[in-house]
Amino acid sequence: MTTIAPYGSWPSPLSAADASASSGRFDGARFVGDEVWWGESLPAEAGRTSVRRRTASGDIEDLLPAPWSAQSRVHEYGGGAWTATPGGQLFFVEKSDQRVWSLLPGSEPVALTPPDPATRHGGLRWQAGTLLAIREVHGDAPVPARSIVSIPTDGSGDVVELVSGSDFLAQPALSPDGSTLAWVEWDHPDMPWDRTRLCTGSVTGSGVEGRTVVSDGETSALQPEWTATGDLLFVDEPTGRWNLWRTDAAGSPATPVAPADADTGGGLWVLGVRWFAPLADGGVVAVRTNGSDALVRIDRDGTATPLALPVRARALVEDALGDRVIVSGAAPGVSGVWLVEADGTSTLVRGSASDLDAAWTPPVRELTVPGRHGDVHAFDHPPTNPHVTAPEGEKPPYVVLVHGGPTAHVGGVADSKTVYFTSRGIGVLEVNYGGSTGYGRAYRDRLKGQWGVVDVDDVAAAAAGLVEAGRADGARIAIEGGSAGGWTVLAALVGTDVFAAGISRYGVGDARTLATDTHDFEARYLDGLIGPLPDAEELYLERSPLSRTENFRVPVLLLQGDQDEVVPPSQAEAIRYALAARGIPHAYVLYEGEGHGFRRAETIVHSLESELAFLGQVFGFDTPDVAPVALEGGSTDAAGRGAAQTA
């Protein structure tokens, strides 16, 4: 029997705790003998990252026990915090000291690098019998000294610096015989999705000699990988799409491999990410992204065959052994790690999903709407509950989700947070605004110099298109985002009248403060997004939400970690003071021990329940299963508009 209830108030079996349990993050996966090992963030253990395996009996075992945590802070975002040998020796970066440690299962960890609070490691790789890492040393200079190093595994501590001399280094790869190193490098003010150099050099006992530039820095070349025959595969985009390219050991001109109108590649935000892997027979398994992700096998002759894998977002090809590969990513209802066999069949090795059946997963509707700067791409997840429907004629409230980066990407997969909302009768619209990856270079470059303009116009156009299509209540649309997405939230609230409420998670309010206070990886990011300082200072002022606080009109929820070094709490607190001065209803929640992105189970639960309660309060529907949020500064009407207090 179907119950009739207003949108937003539908009863749902999915609690915030259930959603938190399904929100673990995966950090790499490797073949180790006949086993698959993977890194997994554990919200129930304060976000500790363990390395785990599934035994032959199906049990999940921690290889890296508490309190050890494999987390790198290179580039602040880390990545590649562990690797392993085929024989089962684990190497990992310990979160607390950023040293590299070795662990044999059943033994105690042994340090491989000396203690030094100024030094960080990440991007670990075990290749040709060598442990490689990216090393980052902080000192008095504004740019930390970064290098690719080889780390002896005998505990001697005699680390060898192989490559240095550029601001940033990533993705080292050794040829099968260990004689040649390939890597990616770039310098300020570029980001790795703007321009990089892909280089090779001969390995000697004291470093790398004879540097050869394979891709010269006019494009964003990524992920060099050597084949068993000594060819070098890599990703590059001279055609405007990240596609595979091949060159030989002699350095012959690179040739394209099965070019497609899709991207094999993405934003290099974290170390260790891989979008393809060579196979033993000369073929390749690769991600192809055009909106959503897909996996293909490319034979040596260039024939591309789709793989029947359910992954549609955040897809990475983690490792290959013979003709078997490990893929991580998100599929409808589950995020996890899959083992793909040579015949194309796949098995879910580890997945984090709720216990709800498919009837609770909303259908994904691709939405493309015209905008001021060109077409805007989005994914619509409508309210979905098999037991409840809304009164006739009522249109649903919606949350427009703005991804971070801003050079990031969503693939249109309903994760546990999305289902938490849609099962209660709240629609979710995910927008890949201009600047997002997954649609080619031209779409990505739309944001050049236009951050705070194109992103705002595009999310507003997507929301308006949803209303025009009759899918949403135009008076009850909220906008939510984190980090750079939080900037777009705040900028949209002061720059448009489309949204009736906003939720900012560790969002940027003052671009000038971000440019001066943020970490080195993004220290010059705003040069390309807005313009170089001091010449572009007027633009920074014009674009920053804190410069236009008189335009705040609707309720705002601010969520922030007190240990955030990317967007410090001062940004959220400045917005909070501005809202209070204007008498705008708002709430500010500061989470102890959280950084840039929430990892603790209790934080994830509380923040999600706070978002639901906030939406219910400002949009006028009951949320009996969560505590109300204490709003300060004014009252709200049922449509979500702020009513300023009067003296």
Side-chain angles (χ1 to χ4, degrees), residues 28-31 72 74-75 79-86 91 121-135 146-151 160-164 166 168-186 192 196-204 207-215 220-236 242-252 254 257 264-266 268 270-280 282-287 316-321 325-326:
R30 301 287 179 270
F31 286 108
S72 166
V74 173
H75 298 174
W82 70 277
T83 190
T85 69
F91 306 111
H121 297 88
L124 302 186
R125 296 202 78 177
W126 176 262
Q127 289 192 307
T130 302
L131 178 59
L132 301 172
I134 305 299
R135 183 176 65 185
R146 298 184 174 95
S147 55
I148 298 172
V149 298
S150 64
I151 300 172
V160 177
E161 183 175 274
L162 300 175
V163 177
S164 62
S166 57
F168 299 96
L169 293 149
Q171 298 181 315
L174 267 177
S175 60
D177 63 3
S179 66
T180 309
L181 181 72
W183 69 92
V184 170
E185 63 181 36
W186 69 98
T196 65
R197 293 180 299 275
L198 193 150
C199 304
T200 63
S202 299
V203 179
T204 70
V208 168
E209 297 178 352
R211 177 183 307 210
T212 298
V213 178
V214 178
S215 182
S220 170
L222 301 169
Q223 196 194 336
E225 301 283 357
W226 298 94
T227 69
T229 58
D231 285 352
L232 183 66
L233 294 172
F234 60 97
V235 170
D236 207 350
W242 274 310
N243 280 179
L244 286 172
W245 292 74
R246 182 192 302 270
T247 185
D248 57 27
S252 299
V257 178
T264 297
L268 189 60
V270 297
L271 299 170
V273 293
R274 299 179 182 91
W275 297 277
F276 73 92
L279 302 175
V284 180
V285 169
V287 178
L316 296 172
V317 182
E318 301 283 6
D319 198 10
L321 181 64
V325 296
I326 306 170

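For the single chain, residues carry numbers from 1 onward in sequence order.
- Here Asp319 pairs with nothing under the salt bridge (charged side-chain N to carboxylate O under 4.0 Å, His left out) rule; sequence neighbours left out.
- A search for side chain to side chain donor-acceptor pair (under 3.5 Å) contacts involving Trp183 returns Glu185, not counting sequence neighbours.
- Val203 pairs in a side-chain contact (heavy atoms from CB on, under 4.5 Å) with only one of the listed residues (Val163, Val160, Thr130, Leu174), which is Leu174.
- Partners of Ser164 according to the side chain to side chain donor-acceptor pair (under 3.5 Å) rule, which considers only residues two or more places apart in sequence or in another chain, are Glu161.
- Applying the side chain to side chain donor-acceptor pair (under 3.5 Å) criterion to Asp177, with sequence neighbours excluded, gives Ser175, Ser179.
- Between Val284 and the choices Val317, Leu244, Leu279, Val325, the side-chain contact (heavy atoms from CB on, under 4.5 Å) rule is met once, by Leu244.
- Taking the side chain to side chain donor-acceptor pair (under 3.5 Å) definition, one finds that Gln223 meets it with Glu225, sequence neighbours left out.
- Pro224 and Leu232 get closest at one heavy-atom pair: CB-CD1, 3.9 Å.
- If you look at Phe91 and Trp126, their ring centroids are closer than 6.0 Å.
- Relative ring orientation between His75 and Phe168 is described as perpendicular, the plane-to-plane angle rising above 60° on a 0-90° scale split at 30° and 60°.
- Between Val287 and Thr264, the shortest heavy-atom distance links the atoms O-OG1, 2.7 Å.
- When all heavy atoms of Leu271 and Ala170 are compared, the closest pair comes out as CD2-CB, 3.7 Å.
- Judged as a side-chain contact (heavy atoms from CB on, under 4.5 Å), and not counting sequence neighbours, the contacts of Thr212 are Thr200.
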